[in-house]
Undergrad: 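Next up is a structure, given as structure tokens.
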Amino acid sequence: MEHVTLNVPATAGGTIPLYLGYDLLETFLPSFLRQKDFSAVFIVTNETLAPLYGERLQERVENSHLLVVPDGERYKTLETAAWLYSRLLELGADRKSALVALGGGVIGDLTGFVAATFLRGLPLIQAPTSLLAMADASLGSKVGVDLPQGKNLVGAFKDAIAIVSDLSVLRTLPQREFKNGLAEILKAGMIGDAELFARLERGNVEPVEEILLPAIKVKANILAKDPFEHGERAYLNLGHTFGHAIEAVSQYQIPHGQAVAIGLRAAALLAERLGIASGEVRARVERTLLGLGLAGAVGGARAEALLQAMEYDKKRQRRRLRFVLIQEIGVPLIVSEVPTSLLLEVLEVICDQHSRSEWAEPESVRDA
Ligand SMILES: NC(=O)c1ccc[n+]([C@@H]2O[C@H](COP(=O)([O-])OP(=O)(O)OC[C@H]3O[C@@H](n4cnc5c(N)ncnc54)[C@H](O)[C@@H]3O)[C@@H](O)[C@H]2O)c1
């Protein structure tokens, strides 16, 4: 496989080319950048990825600079963006300069935000390096930073001019991060691709492009219909209403993907209890999460605390608590007005490490 090219929807209309293959950072990306004739190229990455991939990429791209920020969600802030603005000014960036986001979703969101705002907009190339960023964060054009009050509270829609996903870099991705990406890929199967789900159900995650490509297509199809999240784009939030509450209650100790995985189980449980989906659908979701080594329960949390976190999130966003659920694998729907008692029942199940018949706690939960 050299590489495949997909066209994913841009918010401004038209499409963004997404290149997916092996060793793309070695020759494909440098020659892509050369052809564009930018005045300069600024590669934004973090301290983990700079020695692994950033320095080598910078050597291969003419007139380029490497801007290295610390690693971690806690640096996805306005302060780091401000530091990047000042470095860009010092190094003489102009509107013909390009920014390359080389990293996971944190680098993608942060660099995208800087590209959307510096000099009212510079060309952006997303070069995602985590499975989660390849499957999810690098497409859809949402960029932004966190505030002390909450995640992703400041942001914009910024279309990249290209997305370059080099699968070779996944070799160095820690297993725990790989699993975070798997959760989002499983979500894609649940909302839009029963075959992808079945593949994961059988535990087939290799070769990775065979689960990544279908997951990207699910998101791209949804974006084509609803780029700005007026309707169908909300399907991508399956598992996330629960997931955000789980992340908040764990004080962000449980990573996003693991929280979403527990949220996927909660959504399946809720759908079953509301009579929307069968017990078989719920059981398939639980078995698949377990098979992939993804979490299904939150250790040490209380159901009431999770409910409170969900209510808080709802108030902050000034909207009703809505849940994306599934009727069947691949068939999502949105439900509001869920009785609190039912919700609490589901939250009790995901908080209880011991009350499961077909559930055993995977190693990864204890690690989290
Ligand atoms: N914009 C969107 O639509 C969107 C969607 C989903 C998530 N997000 C955002 O994405 C972020 C999460 O992204 P993430 O899960 O990629 O986290 P991340 O960017 O923090 O990356 C996870 C860890 O893996 C490391 N890493 C990444 N690629 C690696 C590689 N190839 N080899 C070795 N280490 C590697 C990173 O340095 C980091 O320590 C969150 O900030 C979230 O809000 C955005």
Side-chain angles (χ1 to χ4, degrees), residues 8-9 11 16 22-25 44-54 56-57 68-77 80-81 101-113 115-116 124 126-147 150-160 163-185 187-188 208 212 215-216 219-220 222-223 227-229 233-234 236-240 243-244 247-248 252 254-261 263 368:
V8 300
T11 55
I16 302 167
Y22 289 87
D23 298 323
L24 300 188
L25 295 181
V44 181
T45 194
N46 69 27
E47 283 166 351
T48 308
L49 295 160
L52 286 171
Y53 308 109
R56 185 161 167 83
L57 180 63
V68 183
V69 302
D71 189 354
E73 178 78 30
R74 66 182 186 284
Y75 299 103
K76 200 178 101 177
T77 58
T80 314
L102 177 69
V106 166
I107 290 292
D109 281 9
L110 170 73
T111 309
F113 179 74
L124 167 72
Q126 290 280 7
T129 61
S130 70
L131 187 61
L132 185 138
M134 289 180 190
D136 191 8
S138 66
L139 17 150
S141 306
K142 280 189 189 175
V143 297
V145 293
D146 303 334
L147 293 181
K151 279 185 64 173
N152 300 322
L153 289 180
V154 179
F157 284 96
K158 171 71 181 173
D159 293 325
I163 304 166
V164 180
S165 296
D166 182 346
L167 300 171
S168 316
V169 306
L170 295 177
R171 274 195 295 261
T172 55
L173 187 71
Q175 186 62 12
R176 166 182 153 123
E177 298 301 338
F178 190 80
K179 285 188 185 175
N180 283 334
L182 278 184
E184 294 288 358
I185 292 177
K187 176 202 77 182
V208 72
L212 198 44
I216 290 170
K219 183 157 180 180
I222 290 175
L223 292 174
F228 294 110
E229 200 164 341
R233 187 163 175 170
L236 295 165
N237 293 334
L238 178 71
H240 284 63
H244 288 150
E247 279 181 280
Y252 296 92
I254 298 185
H256 180 72
Q258 291 285 359
V260 167

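As the structure lists them, so they are numbered: ligands from 1, and atoms in each ligand from 1.
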Undergrad: Can you list everything that forms a side chain to side chain donor-acceptor pair (under 3.5 Å) with Lys142? Sequence neighbours excluded, please.
TA: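 By the side chain to side chain donor-acceptor pair (under 3.5 Å) rule, Lys142 matches Glu229.
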
Undergrad: Using the test side chain to side chain donor-acceptor pair (under 3.5 Å), find all partners of Tyr75 that sit at least two apart in sequence or belong to another chain.
TA: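 Checked Tyr75 against side chain to side chain donor-acceptor pair (under 3.5 Å); zero matches.
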
Undergrad: From the options Ile107, Thr45, Val106, select the one residue that forms a side chain to side chain contact (heavy atoms under 4.5 Å, CB included) with Val69.
TA: Ile107

Undergrad: Going by atom types alone, do His240 and Glu184 pair a side-chain donor with an acceptor below 3.5 Å?
TA: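 On atom types as modelled, these side chains qualify, holding a pair under 3.5 Å.
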
Undergrad: Not counting sequence neighbours, which residues clear side chain to side chain donor-acceptor pair (under 3.5 Å) with Thr48? List them please.
TA: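 Partners of Thr48 by the side chain to side chain donor-acceptor pair (under 3.5 Å) criterion, ordered by chain and then number, come out as Asp71.
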
Undergrad: Under a 3.5 Å threshold, I'd like every N/O contact between ligand 1 and protein atoms, with atom names and distance.
TA:
residue  : atom   : partner : partner atom : Å
ligand 1 : 1 (N)  : Asp109  : OD1          : 3.0
ligand 1 : 1 (N)  : Lys142  : O            : 2.8
ligand 1 : 13 (O) : Gly105  : N            : 3.2
ligand 1 : 16 (O) : Gly105  : N            : 2.8
ligand 1 : 16 (O) : Ser130  : OG           : 2.6
ligand 1 : 19 (O) : Gly105  : N            : 3.1
ligand 1 : 19 (O) : Val106  : N            : 3.0
ligand 1 : 28 (N) : Thr129  : O            : 3.3
ligand 1 : 28 (N) : Thr129  : OG1          : 2.8
ligand 1 : 31 (N) : Thr129  : O            : 3.1
ligand 1 : 31 (N) : Val169  : O            : 2.9
ligand 1 : 32 (N) : Thr172  : O            : 3.4
ligand 1 : 32 (N) : Thr172  : OG1          : 2.7
ligand 1 : 37 (O) : Asn46   : ND2          : 3.0
ligand 1 : 37 (O) : Asp71   : OD1          : 3.3
ligand 1 : 37 (O) : Asp71   : OD2          : 2.8
ligand 1 : 39 (O) : Asp71   : OD1          : 3.1
ligand 1 : 39 (O) : Asp71   : OD2          : 2.8
ligand 1 : 41 (O) : Glu73   : OE1          : 2.5
ligand 1 : 41 (O) : Glu73   : OE2          : 3.3
ligand 1 : 41 (O) : Lys76   : NZ           : 2.9
ligand 1 : 43 (O) : Lys76   : NZ           : 3.1
ligand 1 : 43 (O) : Asn152  : ND2          : 3.4

Undergrad: Tell me if a side-chain donor or acceptor on Asn46 pairs with a main-chain N or O of Pro70 at a distance below 3.5 Å.
TA: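 No: the side chain of Asn46 does not pair with the backbone of Pro70.
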
